[in-house]
Amino acid sequence: MRAVEAKPLASYPWFVRLFFWKQKRTYGRVLDPGLLWGRSPWVFAAVALLYGALDRRSSPLPPALRSLITVRVSQINHCAFCVDINSATLLKRGVAMDRIDALATWRESSAFTPEERLALDYAEAMTITAPGVGDDLRRRLKECWENDFIVELTGLIAFQNLSSKFNAALDVPSQGFCRLPNGRPSKV
């Protein structure tokens with residue numbers, strides 16, 4: 001049972017319907033999370049603008065790394081919608097299917113670069129509250145990246161936690177963006 005239902009499209013404020021128009025152009029339909037966030041129009045607008053700021057072309061984070069992080073955080077938070085849409089984005093960004101399949105068990109896989117492994121380690125430490133982010137991990141981050149990169153990475157992980165926890169709590173289903181080999185849907 002869904003905790004919250006969408007409203008009729010015409011009942012959302014005009015500025016939220018502008019976001020819906022963009023989603024329809026981009027994805028072919030209005031996204032279920034947008035319909036739910038849209039019930040709180042000003043919060044929806046702020047979340048949409050934050051997402052746009054984090055996913056901009058000029059971000060210091062490479063696009064594939066951004067998508068790897070968002071998929072992994074979504075897996076940890078059991079968000080079917082986020083795993084689905086972020087896996088589809090990861091494929092569009094040129095990441096091979098075997099790397100996507102290995103993401104849930106990335107620590108045992110040789111498919112990831114040292115920088116990707118560090119970012120995934122940080123994403124897990126921020127998402128799984130125990131033991132959290134420790135001094136050793138902070139040191140390794142500073143050895144690898146500049147402060148601005150670390151801040152952007154931290155913001156992306158925090159945003160994806162917000163998004164995937166919101167969607168998982170409201171039981172937002174996958175919308176079928178990413179079909180893996182053999183027609184199976186992306187996994188949570």
Side-chain angles (χ1 to χ4, degrees), residues 26 31 33-34 37 42-169 172 177-178 180 186-188:
T26 303
L31 302 179
W37 280 107
W42 294 107
V43 174
F44 174 75
V47 168
L49 289 171
L50 178 57
Y51 173 74
L54 290 166
D55 200 47
R56 70 192 188 285
R57 287 185 186 179
S58 64
S59 170
L61 306 178
L65 180 63
R66 290 194 310 257
S67 291
L68 282 170
I69 295 305
T70 59
V71 172
R72 184 64 193 126
V73 170
S74 301
Q75 289 172 333
I76 294 167
N77 289 326
H78 305 285
C79 177
F81 174 84
C82 296
V83 170
D84 176 36
I85 197 163
N86 292 322
S87 293
T89 302
L90 191 52
L91 282 170
K92 287 179 189 168
R93 290 179 170 170
V95 174
M97 185 57 68
D98 62 325
R99 293 185 63 205
I100 295 172
D101 286 339
L103 196 50
T105 56
W106 66 270
R107 290 183 191 277
E108 292 82 42
S109 173
S110 61
F112 302 97
T113 68
E115 291 81 13
E116 290 168 339
R117 297 174 74 73
L118 179 58
L120 289 165
D121 194 13
Y122 188 46
E124 286 189 1
M126 282 183 63
T127 303
I128 303 167
T129 56
V133 179
D135 289 340
D136 179 61
L137 182 53
R138 286 186 195 97
R139 178 190 53 74
R140 290 187 293 132
L141 291 166
K142 293 207 47 102
E143 287 173 359
C144 189
W145 294 307
E146 298 292 325
N147 288 334
D148 291 349
F149 188 100
I150 296 168
V151 166
E152 189 101 8
L153 178 62
T154 303
L156 175 67
I157 296 166
F159 173 83
Q160 190 56 45
N161 270 290
L162 166 76
S163 179
S164 60
K165 287 177 185 272
F166 176 91
N167 293 333
V172 177
F177 290 105
C178 186
L180 300 175
S186 53
K187 294 186 282 188
V188 174

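Keep in mind the model is a prediction, meaning the values are calculated, not measured. These numbers come from the heavy atoms of this one structure, side chains and all, not from hydrogens, waters or symmetry mates.
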Do you know the tightest heavy-atom contact between R93 and S67? NH1-OG, 2.8 Å
Could you grab the distance from atom SG of C82 to atom CD of Q75, nearest 0.5 Å is fine? 11.5 Å
Do the ring planes of F166 and W37 sit parallel (below 30°), tilted (30 to 60°) or perpendicular (above 60°)? parallel
Over all heavy atoms of both residues, which pair between C144 and E115 is shortest? Give the atoms and the distance, please. SG-CG, 3.8 Å
Does anything in residues 87-145 pair up under ring-ring contact (aromatic ring centres under 6.0 Å, His included), and if so which pairs, sequence neighbours excluded? W145-F149
Pair L91, C178 - check side chain to side chain contact (heavy atoms under 4.5 Å, CB included), show working. CA-CA 8 Å; L91 282 170; C178 186; 3.7 Å; yes
How far apart are the C-alpha atoms of N86 and F177, what are their side-chain angles, what is the distance that settles it, and do they pass the side chain to side chain contact (heavy atoms under 4.5 Å, CB included) test? CA-CA 9 Å; N86 292 322; F177 290 105; over 6 Å; no
Looking at E152 and R56, is there a salt bridge between them, counting it only when a charged N and a carboxylate O are closer than 4.0 Å? yes
Going from CG on N161 to CG on N77, what distance comes out if it is rounded to the nearest 0.5 angstrom? 5.0 Å
Is it the case that over 12 heavy atoms from other parts of the model lie below 6.0 angstrom from the CG atom of D136? yes
With side chain to side chain contact (heavy atoms under 4.5 Å, CB included) as the criterion, how do H78 and V83 come out once you've worked through the C-alpha distance, each side chain's angles and the decisive distance to 0.1 Å? CA-CA 8 Å; H78 305 285; V83 170; over 6 Å; no
Sorted by chain and residue number, the side-chain hydrogen bond (donor to acceptor under 3.5 Å, both in side chains) partners of T129 (sequence neighbours excluded) come out as none
Less than 4.0 Å between a side-chain N and a carboxylate O, is that true for R117 and D121? no
One should read off an interatomic distance between L50 CG and L54 CG, to the nearest 0.5 angstrom, of 4.5 Å
Value for CG (L153) from CG (L65), rounded to nearest 0.5 Å, stands at 6.5 Å
Closest non-hydrogen contact found for S87 with I100 is O-CD1, 4.1 Å
If you look at every heavy atom in L61 and R66, which pair is closest and at what distance? O-NH1, 2.7 Å
More than 12 heavy atoms of other residues, nucleotides or ligands under 6.0 Å from CD of E146: is that the case? no
Using every non-hydrogen atom in the two residues, find where A64 and V95 come nearest and quote the distance to one decimal. CB-CG2, 3.7 Å
Approximate separation, where rounding is to 0.5 Å, of I76 CD1 and M126 CE: 11.0 Å
Between T127 (side chain only) and A123 (backbone N and O only), is there a donor and an acceptor less than 3.5 Å apart? yes
Run the side chain to side chain contact (heavy atoms under 4.5 Å, CB included) check on L118 and L137 step by step: do they pass? CA-CA 8 Å; L118 179 58; L137 182 53; 3.7 Å; yes
Any donor-acceptor N/O pair, R72 side chain to L120 backbone, under 3.5 Å: no
For the side chain of T154 and the backbone of I150, is there at least one donor-acceptor N/O pair under 3.5 Å apart? yes
Do K142 and N147 touch side chain to side chain, with heavy atoms closer than 4.5 Å? yes
Would you compute the distance between atom CG of L90 and atom CD1 of I85 and round it to the nearest 0.5 angstrom? 13.0 Å
Is S164 reaching over with its side chain to a backbone N or O of Q160, donor-acceptor style, under 3.5 angstrom? yes
